[in-house]
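Working notes for the structure below.
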Protein chains: 4
Amino acid sequence: MNTAPAAGRRGRPRSEAARRAILEAAAQLMLEAGPGEVSMDAVAERAGVSKATIYRWWPSKERLALDALYETWAEVQRPVPDTGSLHGDLLALIRPWVRLLASRPFGRVMAALLAAVQSDQEFAEEYRERFVEPRRDQARDIFARAIARGEIPADTEMEVALDLLYGPVYHRLLHGHQPLNDAFVRALVDGVVAAVGAG
Amino acid sequence: MNTAPAAGRRGRPRSEAARRAILEAAAQLMLEAGPGEVSMDAVAERAGVSKATIYRWWPSKERLALDALYETWAEVQRPVPDTGSLHGDLLALIRPWVRLLASRPFGRVMAALLAAVQSDQEFAEEYRERFVEPRRDQARDIFARAIARGEIPADTEMEVALDLLYGPVYHRLLHGHQPLNDAFVRALVDGVVAAVGAG
Amino acid sequence: MNTAPAAGRRGRPRSEAARRAILEAAAQLMLEAGPGEVSMDAVAERAGVSKATIYRWWPSKERLALDALYETWAEVQRPVPDTGSLHGDLLALIRPWVRLLASRPFGRVMAALLAAVQSDQEFAEEYRERFVEPRRDQARDIFARAIARGEIPADTEMEVALDLLYGPVYHRLLHGHQPLNDAFVRALVDGVVAAVGAG
Amino acid sequence: MNTAPAAGRRGRPRSEAARRAILEAAAQLMLEAGPGEVSMDAVAERAGVSKATIYRWWPSKERLALDALYETWAEVQRPVPDTGSLHGDLLALIRPWVRLLASRPFGRVMAALLAAVQSDQEFAEEYRERFVEPRRDQARDIFARAIARGEIPADTEMEVALDLLYGPVYHRLLHGHQPLNDAFVRALVDGVVAAVGAG
DNA sequence: CGGTAATCGAGACGGTACGTCATGTCTTACA
DNA sequence: TGTAAGACATGACGTACCGTCTCGATTACCG
């Protein structure tokens with residue numbers, strides 16, 4: 001996506017202004033109107049860009065959405081401070097992320113991306129690589145520190161622990177059956193800590 | 001959807017054959033090709049029915065998918081046996097359901113339904129009422145029995161416990177980052193049991 | 001159309017109220033909204049009647065229009081007085097008819113009927129039998145009286161004379177390029193009288 | 001209709017091939033099956049063109065029919081030779097036109113256009129401008145020459161004379177009560193010439 | 001007077017076409 | 001070569017009407 005700045009060398013260089021305008025237009029439309037209401041025509045018009053230009057750099061609406069969302073999303077992908085305890089680390093990791101999720105209608109965009117994940121293998125991989133694994137890696141580091149500290153057993157089922165942490169968040173985000181608030185975060189972290197045996 | 005069998009009494013009664021044909025065609029197409037590839041025209045043709053008849057009873061493709069999926073889904077909504085322990089009960093609840101989920105491409109349909117949930121309030125409620133809450137109720141009963149038995153504290157954060165149980169399953173179903181198998185189910189149930197303090 | 005009151009004898013007799021309601025509803029809708037806007041569903045609803053009842057007695061929308069229009073139309077099909085001259089007779093025949101045509105949006109209905117005439121042989125015959133020939137017969141009588149009087153030659157090309165009389169009226173009604181008023185009627189009758197040689 | 005070739009200059013130019021294919025397909029279908037049997041889908045398929053392309057340039061089936069018919073129709077709109085007499089001129093004008101009308105099922109298309117004329121003011125004007133007035137202009141020239149020659153009075157009621165000429169032709173075309181043949185043309189022209197006083 | 005039969009209202013049904021919309025490709029002219 | 005403009009083929013959308021069909025409820029007549 002939006003990768004090579006200009007394949008070879010000759011010819012007019014890629015317009016950076018167009019690239020930014022497209023991503024901004026897409027992000028705005030996604031979050032304002034929801035992904036269902038966003039068409040490539042609409043993005044092109046809002047960005048003052050031709051459709052051909054979009055398709056030259058992004059192969060589909062979903063790939064565009066991926067890029068458009070990435071910066072906002074990445075905002076909370078910074079390294080997590082070491083608070084000295086598993087409980088503190090997880091709280092420091094999850095709370096700001098959940099606050100971001102609750103602050104804007106990310107559910108709509110997430111669901112649209114997940115729909116694309118189901119039927120596009122290549123997209124699925126890029127999605128996981130950029131949105132899922134980085135966050136799991138952060139939590140993996142935290143659990144590894146807890147093992148090093150002796151807080152939790154060394155044979156902890158890491159992948160399941162990660163699912164216990166992130167699964168409930170996505171669940172509430174997507175299903176909306178219960179609120180995404182700080183109380184939920186506290187109880188969730190309590191549960192995860194207990195689950196991995198750091199009573 | 002598909003509810004009112006014939007408001008008053010007069011007029012030609014609704015064709016039960018058409019209703020069944022539509023639901024079957026929809027279910028088949030959804031699970032074979034994925035909801036993105038299914039058009040109302042295709043459902044109508046496969047069911048030997050006119051589009052108008054579909055739209056008379058279902059306002060959208062998603063509402064139709066909801067109904068079409070319901071029967072298959074409901075197959076594992078039977079009452080859960082009392083095994084005598086929280087661990088055994090949860091295993092008896094979750095294992096057959098996860099096996100069903102893993103047996104067919106439900107992820108695609110689920111993601112499509114979730115996309116609709118994000119932008120249709122009414123749909124969201126019906127979705128939760130028919131797909132989410134019945135399963136949560138089953139687990140609520142199990143946790144209530146465990147409290148009665150004294151296995152877990154009476155002040156257990158029930159809703160979060162339910163999310164710890166179901167969130168990871170949906171997470172793996174939708175993101176596909178890890179398999180949905182029996183080993184996962186065992187580890188998940190172990191984790192949940194530990195989380196609610198029935199060490 | 002609407003013919004046999006009840007084929008044999010047994011059974012519930014045809015509802016005269018329904019028949020009248022249908023014809024009135026059709027006539028109103030035709031002349032108010034134009035035939036293009038009239039649907040059988042609309043006629044049925046306006047008449048408080050079921051579609052099946054309409055189709056039992058009229059095979060098509062056009063046949064219904066034919067009947068619906070007939071009474072209004074027939075209003076000026078009364079016998080023409082003998083004024084003693086060809087000119088006076090034609091004026092007495094044409095003027096009231098043109099006034100009727102100009103008084104309401106008959107053009108729309110006529111054009112719709114003519115469209116049906118082009119593609120339905122049977123309809124064409126009934127249309128001519130009930131709408132065209134009776135008026136031509138009236139004019140034929142007038143020309144015959146003029147021949148008897150010695151006003152015009154006995155070998156007058158009668159059919160062409162009838163077309164010279166009626167053609168211009170339909171022409172203005174349907175094309176709307178010039179008004180349908182009394183001045184037109186006078187000039188038309190003058191022209192026809194001159195054409196058949198009664199200078 | 002089909003007018004603006006490309007507003008400014010930029011952008012892909014209109015496909016002339018598509019334009020011609022659409023008009024030809026429409027003309028063929030109209031005259032073969034009659035306008036009632038022609039659907040936009042059928043025109044699109046026959047022309048190998050998308051429906052959207054048709055609707056981009058023509059707002060309705062009738063406007064398309066107008067254009068589709070125009071070229072065939074225009075074939076006899078060539079200037080009329082001066083034969084030296086009103087009778088000869090009118091014959092030279094009317095005979096080839098009536099032969100064209102009689103040669104193909106124009107009645108169906110005409111009736112459909114007239115139906116549109118009744119309910120679309122804008123269409124009515126374009127119809128008259130392109131189909132009615134050019135022919136009337138030809139006849140107007142002929143009558144003017146006859147006046148210049150002293151064949152007919154200078155105060156001849158021109159518009160009525162034109163209706164006496166064309167009205168009967170349309171009448172027979174649309175009602176089909178009498179044939180459109182050369183004998184009719186001769187008698188018609190005789191009648192018109194007599195009517196305007198060139199006995 | 002009870003049975004038979006044609007009618008009626010309501011309204012669901014299989015079709016067919018409608019006119020619109022979004023996708024992704026393309027063809028120009030300009031930069 | 002990259003771009004804005006915008007026309008294009010494709011194909012689904014949701015709606016509207018058509019003419020047919022089942023219902024249950026109403027009348028008549030006829031035995």
Side-chain angles (χ1 to χ4, degrees), chain A residues 6-15 17-18 36-45 47-61, chain B residues 6-15 17-19 37-42 44-45 47-57 59-61, chain C residues 6-15 17-18 38-42 44-45 47-57 59-61, chain D residues 6-15 17-19 37-42 44-45 47-57 59-61:
Chain A
R9 201 108 314 260
R10 306 255 291 238
R12 178 172 173 176
R14 174 170 185 190
S15 160
E37 309 307 309
V38 177
S39 67
M40 290 304 237
D41 292 80
V43 173
E45 190 179 2
V49 138
S50 95
K51 270 201 297 175
T53 302
I54 304 182
Y55 279 107
R56 189 185 311 279
W57 301 107
W58 291 274
S60 71
K61 193 161 69 169
Chain B
R9 200 100 319 257
R10 306 267 281 243
R12 179 172 174 173
R14 175 169 186 191
S15 161
R19 187 188 141 274
E37 310 307 308
V38 177
S39 67
M40 292 302 240
D41 292 78
E45 192 179 358
V49 139
S50 94
K51 268 201 296 178
T53 299
I54 303 183
Y55 280 107
R56 189 190 314 279
W57 300 107
S60 70
K61 197 159 65 168
Chain C
R9 199 108 316 261
R10 307 257 291 233
R12 177 172 174 176
R14 174 170 187 189
S15 159
V38 177
S39 67
M40 291 303 237
D41 292 79
E45 191 179 0
V49 139
S50 97
K51 271 201 295 175
T53 301
I54 303 183
Y55 279 106
R56 188 186 313 279
W57 302 107
S60 70
K61 194 161 69 168
Chain D
R9 199 105 316 261
R10 306 267 282 240
R12 178 174 176 172
R14 176 171 185 189
S15 160
R19 188 188 141 273
E37 310 307 309
V38 177
S39 66
M40 291 303 239
D41 292 78
E45 191 178 359
V49 138
S50 93
K51 267 199 298 176
T53 299
I54 304 183
Y55 280 107
R56 189 190 313 280
W57 301 107
S60 70
K61 197 159 67 168

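Just so we're on the same page: letters track the sequence lines, and every chain starts at 1.
Taking for each of Arg56(B) and Ser39(D) the nucleotide of DNA chain E with the nearest heavy atom, the 5'-most of the two is the partner of Arg56(B). Both Val49(A) and Lys61(B) sit near DNA chain F, but only Val49(A) has its closest nucleotide nearer the 5' end. Between Lys51(B) and Ser60(A), the residue whose closest nucleotide on DNA chain E is further toward the 5' end is Lys51(B).
To the nearest angstrom, P of dG24(E) lies 15 Å from CH2 of Trp58(A). Rounded to an integer number of Å, the gap from Arg10(C) CZ to dC30(F) P is 7 Å. When rounded to the nearest whole Å, the span between CG of Asp41(D) and P of dA9(F) equals 14 Å. Look at CD1 on Ile54(D): it is 12 Å from P on dT10(F), rounded to the nearest Å. The CD-P distance, from Glu37(D) to dC18(F), rounds to 15 Å in whole Å. Rounding to whole angstrom units, CE of residue Met40(A) and P of dA5(F) are separated by 17 Å. Going from atom CH2 of Trp57(A) over to atom P of dA4(F) covers 12 Å, rounded to whole Å.
Across all strands shown, Ser50(C) has heavy atoms under 4.0 Å from base atoms, whether or not it also approaches the sugar-phosphate.
Considering every non-hydrogen atom in both Ala44(C) and Ser50(C), the closest pair reads CB-C, 4.2 Å. In plain terms, the two heavy atoms of Ala18(A) and Val49(A) that are nearest each other are CB-CG2, 4.0 Å.
Here the side chain of Ala52(A) is nearest to one of dG14(E), dC8(E), dA5(F), namely dA5(F). Of the candidates dT3(F), dG19(E), dC18(E), the closest approach to any side-chain atom of Tyr55(D) belongs to dG19(E).
Note that the OG atom of Ser60(A) and the CE atom of Met40(A) stand 6.5 Å from one another [nearest 0.5 Å].
Judged by a 6.0 Å distance limit and a 45° cone about the ring axis, Arg19(B) is not positioned over the six-membered ring of Trp57(B).
Lys61(D) contributes a side-chain N or O that, together with a main-chain N or O of Val38(D), makes up a donor-acceptor pair within less than 3.5 Å.
Residue Arg12(B) places no side-chain N or O under 4.0 Å from the OP1 or OP2 atom of dG11(E).
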